[in-house]
> 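Please read through the structure below; I'll follow up with questions.
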Amino acid sequence: MIDSAAGALSRRIMGVETEYGISCTTADGGRIIPDELARQMFRPVVEEHSSSNIFTPSAARLYLDVGSHPEWATAECRSITQLLNHERSGDRVIDDLALRVESELGTGARVYVFKNNVDSIGNSYGCHENYLVRRELSLKKLGLALVPFLITRQLIAGAGKIYRPFPGSPSERYGTGFCVSQRADHVWEGVSSATTRSRPMINTRDEPHADSERFRRLHVIVGDSSMAEPTFALKIGSALLVLEMIEAGFPLPEIELANDAAAIRDIARDHRGRTELPLAGGDTVTALDLQDRYCSAAEKWLGVREPADGSTPPEELTRIVGLWRRMITALDTGDFSAVDTEIDWVIKRKLITRYQDRLGSGLEHPKLGQIDLAYHDIRPGRGLYYALMDRGMIARWTTDDAITAAMDTPPQDTRAALRGRFLDHARAVGAPVTVDWMRLRVNRPEPQVVQLGDPFASEDARVDDLIAYMDAHAAEYGPTS
Ligand SMILES: Nc1ncnc2c1ncn2[C@@H]1O[C@H](COP(=O)(O)OP(=O)(O)OP(=O)(O)O)[C@@H](O)[C@H]1O
Ligand SMILES: [Mg+2]
C-alpha cells in the first residue's frame, strides 16, 4: 500500500522519449548500413552544434543513441495534448533529417524512419514515458502498484505486430501470430534500476532531473511507441489517471501477478484479454477484468479529482476515459468497430487481415510483414499510417498546425520555456553555452550556471540575468552566421 498522505500531484511534468529505427535504399538498389545512415542524418546537427546530442529550439533533446537509433526526448510538458504535439513534432524534425539525406543521395534513394519498437532481427528499442512524482513516494512501491496496470495496458494501447518465432527469440515457444504489443516480448521484470541487461517495465534509477529533495521521475519503459494520436492519448492518459489514483489512495485492484514477464507475453497474444493470469496468492484474474476495474475506478475518480490550472483539462480526461471504456466494451464483445480508427493494434490487425484474405496466405507471407512495418513509416504521403489517415481511416486527436508550432516553440508553462529562451538568445549572440534538463550554462568569458530545480517554473530572474550576461559580452563572441 502506498503512503498517500502526500495526496495526488494535481500538476505534473511529463516527457516522452522515442527511439526510431532507420534504413535506406539507394537508387541502384544498394543499402547504406544504419550506422553510416545515422551519421549522415546527423551531419547537419553536428555541423551546427559540434555534437550529435543537442537541445532543440523547442527545448527537446535530439540525439543519436547507441545502435544508430535517433532519439527525440520531448521537452517537459504539463498536459496530454501538449505532450502529443511535442512528441509528433519530433517525427517531423527527424523526417526532415531523413529528407535531407534522401535529396543528397539523389533521385530514387529512399530513407525510411520507423516509429516502432522492434527491428527485423529481433532487437528492441524503446518509447519511454516520464512522470514527475513527489519525493515522498518510493519508486519501488509505486512501480509495484503500477505494474499490473502496465502489463495489461497493451490491450488498450498496444501498437500490434506480427510475431514470427525464430531460434533464440525471446518468445520462441509461441507460434506465428498477431500480438497486440511490440514491446511485450522484450521486458524481463517488473521494477528495477537496470535498463539493458535485464530490461524492466519501470526503471527506478534515481535521476529526477529536478530538485531531488522534492521530486522523483517515474521512468516507464514498457510501452509501445504510438502512431495513432488517440492511442497515444489513451496510453498516457490512462497511466496518468492510475498514477493519480495510486497517489491519492483511491481504491484500485491490489494485485500481484505470479510472473510479470510470462503474463505480459501471454496477454500480447490474446486479443480479447481472457487469459487467466496466475496471481502470487494463488488465484487468477483475466487481463480484461483488470483493465475493466482500472477503467471503472478512473470513471469514479474523474468525479472527485480536483483539476489544477495548466494541467490536462477535465474534458480531455473525460474523452480519454470514454475511449478507454469503448475499448473495454470492444474487448468484451469482440466487436471492435467503435475503436478501429483510434487504436493502433486494432487498426493494424484490420489492415493485415484484409490483405491476408486477399492473398489467401498465412501471417508468414512477406507482404504482410512489409505492411506491418510500413504502418510505422513516419513520412506523410508514403507511410501506411498516413495513407490510412488521408482516407479518413485513422482518427485525429490534434492538428497539423499544433504539431508544426511545437517544432520550434517550447511548452510555455514549464521550465522548457526558460531553456528555449536561453538557447534562442545564445544563438542570436553566438554565445557558447551548455545545456541539460536541469542546467543552463554560459561558458565564456566566465562560466555562469543556473540550476532549474523546479520543472514547473517558466519564469526565473536568474535566467534573465544570464541573458543579460550574454548581451553584455556579445561583442566578445564574434559574428553570428
Ligand atoms: N523532472 C521531470 N519529471 C518528469 N519528466 C521529466 C523531468 N525532467 C525531464 N523530464 C523528461 O524526461 C525525458 C528525459 O529524456 P532523456 O532521453 O534525457 O532520458 P534519460 O532517462 O535521462 O536518459 P537516457 O535516455 O539517456 O537514458 C524528457 O522527455 C524530459 O522532458
Ligand atoms: Mg532517452
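What you see below is based on every heavy atom in this structure, not just the backbone, and it leaves out hydrogens, waters and symmetry mates. Read the numbers this way: they start at 1 and go in the same order the structure lists the ligands and their atoms. For reference, positions follow the sequence shown, starting with 1.
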> Could you tell me which residues satisfy side chain to side chain contact (heavy atoms under 4.5 Å, CB included) with S311, sequence neighbours excluded, listed by chain and number?
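Here the qualifying residues are A308.
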> Can you check whether W437 and F55 have ring centres sitting under 6.0 Å from each other?
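That pair passes the under 6.0 Å test.
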> Can E76 and R11 be counted as an ion pair, charged N to O under 4.0 angstrom?
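So E76 does not pair with R11 through a salt bridge.
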> In order of chain and number, which residues sit within 4.0 Å of ligand 1 by heavy atom?
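Ligand 1 is contacted, at a heavy-atom distance under 4.0 Å, by I13, G15, V16, E17, R61, Y63, E71, A73, T74, A75, E76, N130, Y131, L132, R205, E207, P208, H209, A210, R217, H219, R415, W437.
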> Give a yes/no verdict on a cation-pi contact between R61 and Y63, requiring under 6.0 Å between NZ or CZ and the six-membered ring centre and an angle within 45° of the axis.
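Yes - R61 lies over the ring of Y63, closer than 6.0 Å to its centre and within 45° of its axis.
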> Rounded to the nearest 0.5 Å, what separates atom CD1 in I236 from atom CD1 in I320?
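Going from CD1 on I236 over to CD1 on I320, the span is 9.5 Å.
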> For R325, is there an ion pair with D292 - N to carboxylate O distance below 4.0 angstrom?
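Yes, this pair counts.
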> For the Mg ion (ligand 2), which protein N/O/S atoms are closer than 2.8 Å?
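Protein N/O/S atoms under 2.8 Å of the Mg ion (ligand 2): E17 OE1, Y63 OH, E71 OE2.
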> Could you pull out all residues at least two apart from S212 that satisfy side chain to side chain contact (heavy atoms under 4.5 Å, CB included)?
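For S212 the side chain to side chain contact (heavy atoms under 4.5 Å, CB included) partners, ignoring immediate neighbours, are R135, P208.
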> Are E247 and R134 ion-paired here, with the side-chain N under 4.0 Å from a carboxylate O?
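No, this pair does not count.
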> Taking H128 as the fixed residue, which of V222, V16, I221 is the one that meets the side-chain contact (heavy atoms from CB on, under 4.5 Å) rule?
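Looking at V222, V16, I221, the match for H128 under the side-chain contact (heavy atoms from CB on, under 4.5 Å) is I221.
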